[in-house]
A.B. asks: 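Before I ask anything, let me first share the structure, which is written out below as structure tokens.
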Amino acid sequence: MNDNKELVAGTPKIKINVPVPLAFCQGCQHGSATRVIWDSLEDLGLEDRIIWVGGVTCGTVSAFISDVDAIGPVPHGRAPDIASAMRRLSDKETIIITYQGDGDAIAIGTESLIQAAARAERITVFMVNNVNYGTTGGQMAPTTLIGQKTTTSPTGRGTNKEGFPINAAELVAVLGGTAYSARGSLTSPANYNKTKKYVKKALQKQIDDIGFSFVEILSACPANWGMPPVECLKWIDNTLTKQYPLGEFKDLDALV
Amino acid sequence: MMDEVVFIDGNEAVGWGALAADCDAFFGYPITPQNNITEWFAKEYPKRGRAFVQTSSETASINWLYGGASVGKRVITSTSSPGWALMQETLSHMANTEVPCVIVLVQRGGPGQGTTRHAQMDYTSATKGGGNGGYKNIVLGPYSAQEAHDLVQVAFYLADKYINPVIVLSDGIIGTTLETVTLKKLEFEKLPEKDWALRGKGRQKDKKRRVLTSAQGLVPTPRNPSFVALQNTLFEKHSTMEREEIRYETYQLEDADLVLVAYGYSARVSMEAMSQARGIGLKVGMIRPVTLWPFPYQQVKEQAKKGNKILVVEDSLGQMLMDVKMACDDGTEIGLVSCLDRHEVMEGGAIYPEKVLDKIRAMME
Ligand SMILES: Cc1ncc(C[n+]2csc(CCOP(=O)(O)OP(=O)(O)O)c2C)c(N)n1
Ligand code: SF4
């Protein structure tokens, strides 16, 4: 099979139209990130027994346009706590996922994410990383690259005052409760398909009751990066992946 | 079967009350003076197949409640004052989403890290909606271990009835004082099934998805299609609670010239002062609000209208005092026994009956 030729087309059954007064900007990849999760849920046949926890991010809208049980936006950063409680109080067949931004997951939600991973919660966290705060207008995030200009790092992020970017997928992988951690991008059909493999694997870890699973998805934010969508994809491939390499950082069949 | 009589403190009474209410889970973080609530659940819940989790912070605790409530379970946490402060954001989210939970707040001295001992300094934040956005929640104030046990059960019922958080406002003295308690499952009206709860679309009776959101007002829901619709829903909910749920006890009001108003440990102290006052021929009565919100304004107002003097007793600089003032006309003589009247200046100090009696005499003689 040639991954590059396999196109992403059609509309997943999970997608529904609802009158939500929110939309993504043109070229925003929250749509594709949502799509890759939808496709995976459909492949695994999880639509009927999943609960989707939407964090505070532009991608919250996905909770509303997915034909599954959902809650969101939950308090900023706390989706893993909420998902953990659901996990403890639902039967094993129920699948619990969170959909979060990078600011949501690794700035204000650092405690929630790290503790859930350490506790080996059988939940799956998707962190869509666009290296800034999209919703609030493009401020600096913990993931913002050194030198990158944002509205709150107008001269570029410096290491002296603003500090260093956080590699969430690598960080989460270190924790004992993590069964799976990976980072993917959506810049080409090949990358899309690779990311989909990560997403499905992460969900499988939950289904198989192995441990905490995490997938970071690099995602374009043309509105705040100040680049046309196609340039954004090139920037992800050529620049962003230097700080945030793609691949799997942990993949266990049992916690040790 | 006889109900069991045990000798426990007001903190452990919370645990037995929650169990009697068939509460599914406790999520909490250690803080004095409520640690033995957390420890009670750690010991008693897992062996009964119920959930206990020690969370990583009070911010986490309240979000665990949010998650647990959303899947339709009965959930509780307990905390003390600094932890209470951390819970406000999510409490507000739960009020918007319309999900139930019970929070037990064992008050300690403040502000800030304050003391680790008793006080009554979180009345205002508990009764007036401590978080953003002007929501309301019922607040129940136990004055004994027995009442802590009973009111926790009432709290679960009211939380489910109104699909809204309920606060049990205890304090360090009620929480740590050992008393005899009759363990008894209280009976309540049957409530509708939680059809709104998340369980996975395929498990819903109609096979249709459920969506919960704390952005009601922005995101149109069937119940609240607009921002003003949400405000109307909340207004109706608050009004119904104010109409239906006011609870209080009165003592010796028939011939009273001075009426004490107190809750929690201050109410116990005030009852002792009342009987001492009666012993020297002073006609003193008392109103003990059991719901601190909704507050029994009418009952206080009636006493003020009769021309009776009012003496508020609370271990703060005067928070419930504001509600009492709202209930009274300008002409009413209102006194206050406050934390400034504690019997000793260090953190172990408390309001003693003698101080209350002094104030009664000063106002009456
Ligand atoms: C407690 C709280 N603080 C701040 C905000 C405002 N806020 C909304 S979204 C957001 C940042 C989200 O950024 P990220 O998680 O990276 O997601 P993105 O919007 O980029 O997809 C912030 C700070 C909030 N809603 N709640
Ligand atoms: S601001 Fe960025 S993340 Fe948000 S919708 Fe627009 S492009 Fe997407």
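Atom set for the values below is all heavy atoms of this structure, side chains included, hydrogens, waters and symmetry mates excluded. Order of the sequence lines fixes the chain letters, A, B, ..., with proteins taken first and strands second; residue numbering starts at 1 for each chain.
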A.B. asks: Measure A:Ser84 against the heavy atoms of chain B and call it side chain, backbone, both or neither at under 4.5 Å.
C.D. replies: both
A.B. asks: Which one wins on heavy-atom pair count under 4.5 Å against chain B: A:Ile96, A:Ile95, A:Val74?
C.D. replies: A:Val74
A.B. asks: Quick check on the structure: residues of residues 40-59 of chain B within a heavy-atom distance below 4.5 Å of chain A, by number.
C.D. replies: B:Ala51, B:Val53, B:Ser56, B:Ser57, B:Thr59
A.B. asks: If you tally heavy-atom pairs under 4.5 Å against chain A, which of B:Gly202, B:Gly72, B:Ser70, B:Ser92 wins?
C.D. replies: B:Gly202
A.B. asks: Taking the side chain as every heavy atom from C-beta outward, state whether A:Val68 and B:Arg209 have any pair of such atoms under 4.5 Å apart.
C.D. replies: no
A.B. asks: Does A:Asp69 use its side chain to pair, donor to acceptor, with the backbone of B:Arg210 at less than 3.5 Å?
C.D. replies: yes
A.B. asks: With a cut-off of 6.0 Å (strictly less than), are more than 12 heavy atoms of other residues, nucleotides or ligands near NZ of A:Lys15?
C.D. replies: yes
A.B. asks: Which one wins on heavy-atom pair count under 4.5 Å against chain A: B:Leu198, B:Val71, B:Ile62?
C.D. replies: B:Leu198
A.B. asks: Check whether any side-chain heavy atom of A:Ile82 sits under 4.5 Å from a side-chain heavy atom of B:His93, and report yes or no.
C.D. replies: no
A.B. asks: So which heavy atom on A:Pro75 is nearest to which on B:Asn63, and how close?
C.D. replies: CG-OD1, 3.4 Å
A.B. asks: So, taking the atom named CZ in B:Arg199 and the one named CG in A:Asp91, what distance separates them when rounded to the nearest 0.5 Å?
C.D. replies: 11.0 Å
A.B. asks: Grab the two heavy atoms, one from A:Glu47 and one from B:Lys201, that are nearest each other, plus how far apart they are.
C.D. replies: O-CB, 4.3 Å
A.B. asks: If we ignore hydrogens and angles and just use 3.5 Å, is the side chain of B:Ser214 paired with the main-chain N or O of A:Pro73 as donor and acceptor?
C.D. replies: yes
A.B. asks: Testing the basics here: between A:Glu111 and B:Ala60, what is the closest heavy-atom pair and its distance to 0.1 Å?
C.D. replies: OE2-CB, 3.8 Å
A.B. asks: Counting neighbours of CZ on B:Phe235 that are heavy atoms of other residues, nucleotides or ligands and sit closer than 6.0 Å, is the number greater than 12?
C.D. replies: no
A.B. asks: Among A:Arg78, A:Arg88, A:Arg119, which has the most heavy-atom pairs under 4.5 Å with chain B?
C.D. replies: A:Arg78
A.B. asks: Within the 4.5 Å heavy-atom criterion, are B:Thr213 and A:Phe64 side-chain neighbours or not?
C.D. replies: yes
A.B. asks: Which atoms form the tightest heavy-atom contact between A:Leu89 and B:Ala25, and what is the distance?
C.D. replies: CD2-CB, 3.9 Å
A.B. asks: Over all heavy atoms of both residues, which pair between B:Trp64 and A:Ala85 is shortest? Give the atoms and the distance, please.
C.D. replies: O-CB, 3.1 Å
A.B. asks: Quick one: of A:Gly54, A:Ser66, A:Ala70, who has the most non-hydrogen atom pairs under 4.5 Å with chain B?
C.D. replies: A:Ala70
A.B. asks: Which answer fits A:Ala79, side chain, backbone, both or neither, if we ask what part of it has an atom under 4.5 Å from a heavy atom of chain B?
C.D. replies: neither
A.B. asks: When heavy-atom pairs shorter than 4.5 Å are enumerated against chain B, which of A:Ile50, A:Leu46, A:Thr94 gives the highest number?
C.D. replies: A:Thr94
A.B. asks: Which distance, rounded to the nearest 0.5 Å, do you find between the CG of A:Asp81 and the CZ of B:Phe27?
C.D. replies: 10.5 Å
